[in-house]
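Below is one structure, written out as C-alpha cells; comments come after it.
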Amino acid sequence: MMDAKGYEVLRNPFLNKGTGFTLIERKALGLTGTLPSQVQTIDEQAEQAYQQFQSKTAPLEKRIFLMTLFNENITLFYHLMDQHVSEFMPIVYDPVVADSIEQYNDIYTNPQNATFLSVDKPEDIKQSLINAADGRDIKLIVVTDAEGILGMGDWGVNGVDIAVGKLMVYTAAAGIDPASVLPISIDAGTNNQALLENERYLGNKHARIAGDAYLEFIDQFVTAEQELFPESLLHWEDFGRANSQVILDKYKNKIATFNDDIQGTGMIVLAGVFGALNISKERLIDQTFVTFGAGTAGMGIVNQIFTELQEAGLSAKEAKKHFYLVDKQGLLFDDMSDLTVAQKPFTRTRDEFSHAEELTTLSAVVKEIKPTVLIGTSTQPGTFTEEIVKEMATHTARPIIFPLSNPTKLAEATAENLIKWTDGKALVATGIPAENVEYKGVTYKIGQGNNALIYPGLGFGLVASTAKLLTQKTISAAIHALGGLVDSDQEGAAVLPPVSNLTEFSQKIAEVTAQSVVNQGLNREKISDAKQAVRDVKWSANY
Ligand SMILES: NC(=O)c1ccc[n+]([C@@H]2O[C@H](COP(=O)([O-])OP(=O)(O)OC[C@H]3O[C@@H](n4cnc5c(N)ncnc54)[C@H](O)[C@@H]3O)[C@@H](O)[C@H]2O)c1
Ligand SMILES: O=C(O)C[C@H](O)C(=O)O
Ligand SMILES: [Mn+2]
C-alpha cells in the first residue's frame, strides 16, 4: 500500500489527500497532471466540504455525502468531523445510521472497507479478513451479526453500517488510527421477512442459522481473527438477546473483548446515575431500580449497578433487592418458564406481594414498588406515560428517568415531557441526543445516555495499553473517570457531560483505562507510562 503510485494513491482513501498533495508529493507519487494546479490546505478542503454538507437538507443526504467523503479521503473526513463532532455524531451514528440501515439496499455505496463473512462459507473467513485488512495492522474490530440492530430487530447484512458508525465514533472521539480498524458483518442469514422478499437484499437469503452451527461459526471467526490480529480488541455490537451474553461469557476471560450493548451501556448508565445522584445529593444504596426491558442492554445495566452496590458494601443478597425487572410478561418472577440466563438471578418471588398476579404492567409495578430510578431499554415507544411518570414523582423528590431505547422513534419518552410532567424534578438521560428543555425559566440540559460516550475511551485505552483482557476493575475505573465532569450545582445541569466535550473526556477515560490495565499487569507490551502510551498512539487527522 505504501508503494502506491498515481491513481492507486488517489483511489486509496487512507492515502488520498486530493488537492492537498503538495507539488513535491505529486511529483514523487506520479500525480503530476492528475490534479488542478492549486494546492489546498486541509482546512481549505474542509471548509469547502462543510459548505457542501450544509447544502444538503435531508439527514440521510448529509450522511451519504459524508460517507462518500470518507471513501475518498479519510483524513479529510475526520478533520472535518473533529470540527463538528456534535453536529456529525447523529448523522454518521445514531439516529441517522438507523435510516441508512433500513435503506441499505437502495442507497448501497462502497462498503467503507468492511469485511463480509458468510455463515455459509466458513472456509472463507481467514482469506476474507486478509483481503479486507489489505496489509493494515488491525488493532480494533467492531463486529455485528445485526440480529438486534438498536431496537429495530434483525437487519441482516444491512447492519454493517452500525459497525462502520461505531468505528467512526471511535476515531472522532478517542483518536484511534482509522487504518487500524475493521468493521465486520457476520451474515448468518436473516429472519426479517421483508428483507428476504426484497429483490435488492444483498445478504444471504435464508433464515438465520442458530444454535451450535452458529456458535461454531463464531468460534471459527474468533480463532481466525486472533490468529491474524493477535493484538486486536474485539468489540461485539447488536447481537441478539439469546447470543450476546453467551458469546461474551465464552470469550471474556480469554481475549481482549467486550460487548458494547451489555458492558458499554451498563457503564454509561451507571455513570449517568452517579451524575444524577451528584445533583440530588443522594446515595446509590438508597435507590430502587425498575428496568423496563430486561434484554441485552437492560441486564447489562442491572449487572453493572449490582456490582457497584456490592463495591459500596452491600452483600449480593442485599444488592439484588434493589432491582425489579419488567419485561413483556410484566414483573419477572422466579416461577416463569421463559426467563433468560441473565434475568434469572434478579427475579422476585410472588409471596413478596399481596397481589402478585396484578403486576403485569409497568404502571402497576411503578405503583407497587415506588422506584426512584426508571430505566427504559424496551424498544417500546411512549411507554413512560404521563400517568406513570407523575405517579413516580409523587413518591420521589428527584426521580431518575432514562428512556434509552433507540433510535428516536422507539424512545420510551421525550426529555421534554419528562421535565414537564415532573415539574422539572426528573433527572433525565436519553439514548439519542436531546435539545435543552426550557421550563419555567430554567434551561434543563439533557445528558446523552448512549454507550458512545464511554466505549471510545475504553476501547482506545485498551488498545493503547496493549491489554490482554478487560476486567471488571478496569470497567469500574473507566466509569468513575466520567464522574465529576459535570457542574452539578448549576440549575438544570445534565447528568452526563455534553457530546461537545467528547474528545476531551474520551481522552481521560482512555488514560484511566490504560492505567488500570498496566496496574493489573495485563499489558502485552512493556509500558512505563500509561498516559504517555495513550498519547503516543493517538492519531490526528492532519496531512
Ligand atoms: N442508549 C444506549 O446506549 C443503548 C445501548 C444499548 C441498547 N439501547 C437500546 O435499548 C433497546 C433494547 O436493546 P437490547 O439490545 O437490550 O435489545 P433486546 O432485544 O436484547 O432487549 C429488549 C427487551 O425488551 C423486551 N420487550 C419487548 N417488548 C416489551 C414490552 N412491550 N414490555 C416490556 N419489555 C418488552 C424484550 O422482551 C427484551 O427483553 C434498543 O432500543 C436499543 O437501541 C440503548
Ligand atoms: O447504537 C446506539 O446508539 C447505542 C446502542 O449501542 C444501541 O444499540 O442502541
Ligand atoms: Mn448497540
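These numbers come from the heavy atoms of this one structure, side chains and all, not from hydrogens, waters or symmetry mates. Just so you know, ligand 1 is whichever comes first in the structure, and atom 1 is the first atom listed for that ligand.
- Residue, atom and distance of the protein heavy atom nearest to atom 9 (O) of ligand 2 are N406 ND2, 3.0 Å.
- Atoms of ligand 1 found under 4.0 Å from any heavy atom of T379 (numbered from 1 in listed order, with element): 11 (C), 12 (C), 40 (C), 41 (O).
- Proximity of K328 to ligand 1, defined as any heavy-atom pair under 4.0 Å, is shared by backbone and side chain alike.
- Here L69 contributes atom CG and I74 contributes atom CD1; the two are 10.0 Å apart, rounded to the nearest 0.5 Å.
- Checking D238, T377, V326, D94 against atom 12 (C) of ligand 1, the nearest heavy atom belongs to T377.
- Neither the backbone nor the side chain of P407 comes within 4.0 Å of ligand 1, counting heavy atoms alone.
- Under a 4.0 Å criterion applied to the non-hydrogen atoms of D261, ligand 1 contributes the atoms 6 (C).
- Under a 4.0 Å criterion applied to the non-hydrogen atoms of G431, ligand 1 contributes the atoms 1 (N).
- For F53 and H84, the ring centers are positioned 6.0 Å apart or more.
- Only side-chain heavy atoms of N450 come within less than 4.0 Å of ligand 2; its backbone N, CA, C and O stay farther off.
- At least one N or O atom of A297, backbone or side chain, sits closer than 3.5 Å to an N or O atom of ligand 1.
- Using a 4.0 Å threshold on non-hydrogen atoms, atom 17 (O) of ligand 1 does not count as touching the protein.
- With a 4.0 Å heavy-atom cut-off, ligand 2 is reached by no atom of I432.
- Looking at D261 and the Mn ion (ligand 3) together, the shortest N, O or S contact belongs to OD1.
- Per residue D238, closest N, O or S atom to the Mn ion (ligand 3): atom name OD1.
- Counting only non-hydrogen atoms, the option in I375, I301, L404, I262 that gets closest to atom 8 (N) of ligand 1 is L404.
- Those atoms of ligand 2 with a heavy atom of L150 less than 4.0 angstrom away are 1 (O), 2 (C), 3 (O), 7 (C), 8 (O), 9 (O).
- The N/O atoms of R241, backbone and side chain alike, include one that comes under 3.5 Å of an N/O atom in ligand 1.
- For the pair V222/I255, a side-chain contact is recorded, criterion being any heavy-atom separation below 4.5 Å from C-beta on.
- Contact annotation for D327 and ligand 1: heavy atoms of both the backbone and the side chain come within less than 4.0 Å of the ligand.
- When only interatomic distances are considered, the shortest N/O to N/O separation between G151 and ligand 1 falls below 3.5 Å.
- The shortest distance between side-chain heavy atoms of D161 and E102 does not fall below 4.5 Å.
- With ligand atoms numbered from 1 in the order given, ligand 2 contributes 6 (O) to contacts under 4.0 Å with heavy atoms of E237.
- Residues P433 and M89 fail the side-chain proximity criterion, which asks for heavy atoms closer than 4.5 Å.
- Here the options are D145, T257, D261, the test is side chain to side chain donor-acceptor pair (under 3.5 Å), and the partner is W236; only T257 passes.
- Among the backbone and side-chain atoms of D260, none of the N, O or S atoms lies under 2.8 Å from the Mn ion (ligand 3).
- Among protein heavy atoms, the minimum distance from atom 2 (C) of ligand 2 is reached at Y93 OH, 3.1 Å.
- Counting just the N/O/S atoms of E237, the one with the shortest distance to the Mn ion (ligand 3) is named OE2.
- Checking each of H395, E387, E358 against K367 for a side chain to side chain donor-acceptor pair (under 3.5 Å) leaves exactly one that passes, namely E387.
- A heavy-atom distance below 4.5 Å is not found between the side chains of Y170 and P178.
- In this structure, CG in L196 is found 10.0 Å from CZ in R208, a value given to the nearest 0.5 Å.
- Between H480 and F274, the gap from one ring centroid to the other is short of 6.0 Å.
- Considering only heavy atoms from C-beta on, N204 stays 4.5 Å or farther from V157 through its side chain.
- Here D334 contributes atom CG and E352 contributes atom CD; the two are 8.5 Å apart, rounded to the nearest 0.5 Å.
- Between I91 and L66, some side-chain heavy-atom pair lies under the 4.5 Å cut-off.
- A cation-pi arrangement is absent between R348 and F333 under the rule of less than 6.0 angstrom and at most 45 degrees off the ring axis.
- Close placement of the Y104 and Y108 rings is indicated, their centers lying within 6.0 Å of each other.
- Residue contact check: D94 has heavy atoms under 4.0 Å from atoms 2 (C), 3 (O) of ligand 2.
- Atoms of ligand 2 found under 4.0 Å from any heavy atom of K166 (numbered from 1 in listed order, with element): 1 (O), 2 (C), 4 (C), 5 (C), 6 (O).
- Considering both main-chain and side-chain atoms, G449 comes within under 3.5 Å of ligand 1 through a nitrogen or oxygen pair.
- Listed by atom number, the atoms of ligand 1 under 4.0 Å from F292 heavy atoms are 32 (N), 33 (C).
- Atom 5 (C) of ligand 2 has N451 ND2, 3.4 Å as its closest protein atom, hydrogens excluded (heavy atom only).
- For the pair T296 and ligand 1, the shortest N or O to N or O distance falls below 3.5 Å.
- Taking the centre of each ring, F258 and Y455 stay at or above the 6.0 Å mark.
- Residue contacts with ligand 2 for D238 involve side-chain atoms from C-beta outward but no N, CA, C or O (heavy atoms, distance under 4.0 Å).
- Ligand-side atoms of ligand 2 in range of D261: 5 (C), 6 (O), 7 (C), 8 (O), range being under 4.0 angstrom from any heavy atom.
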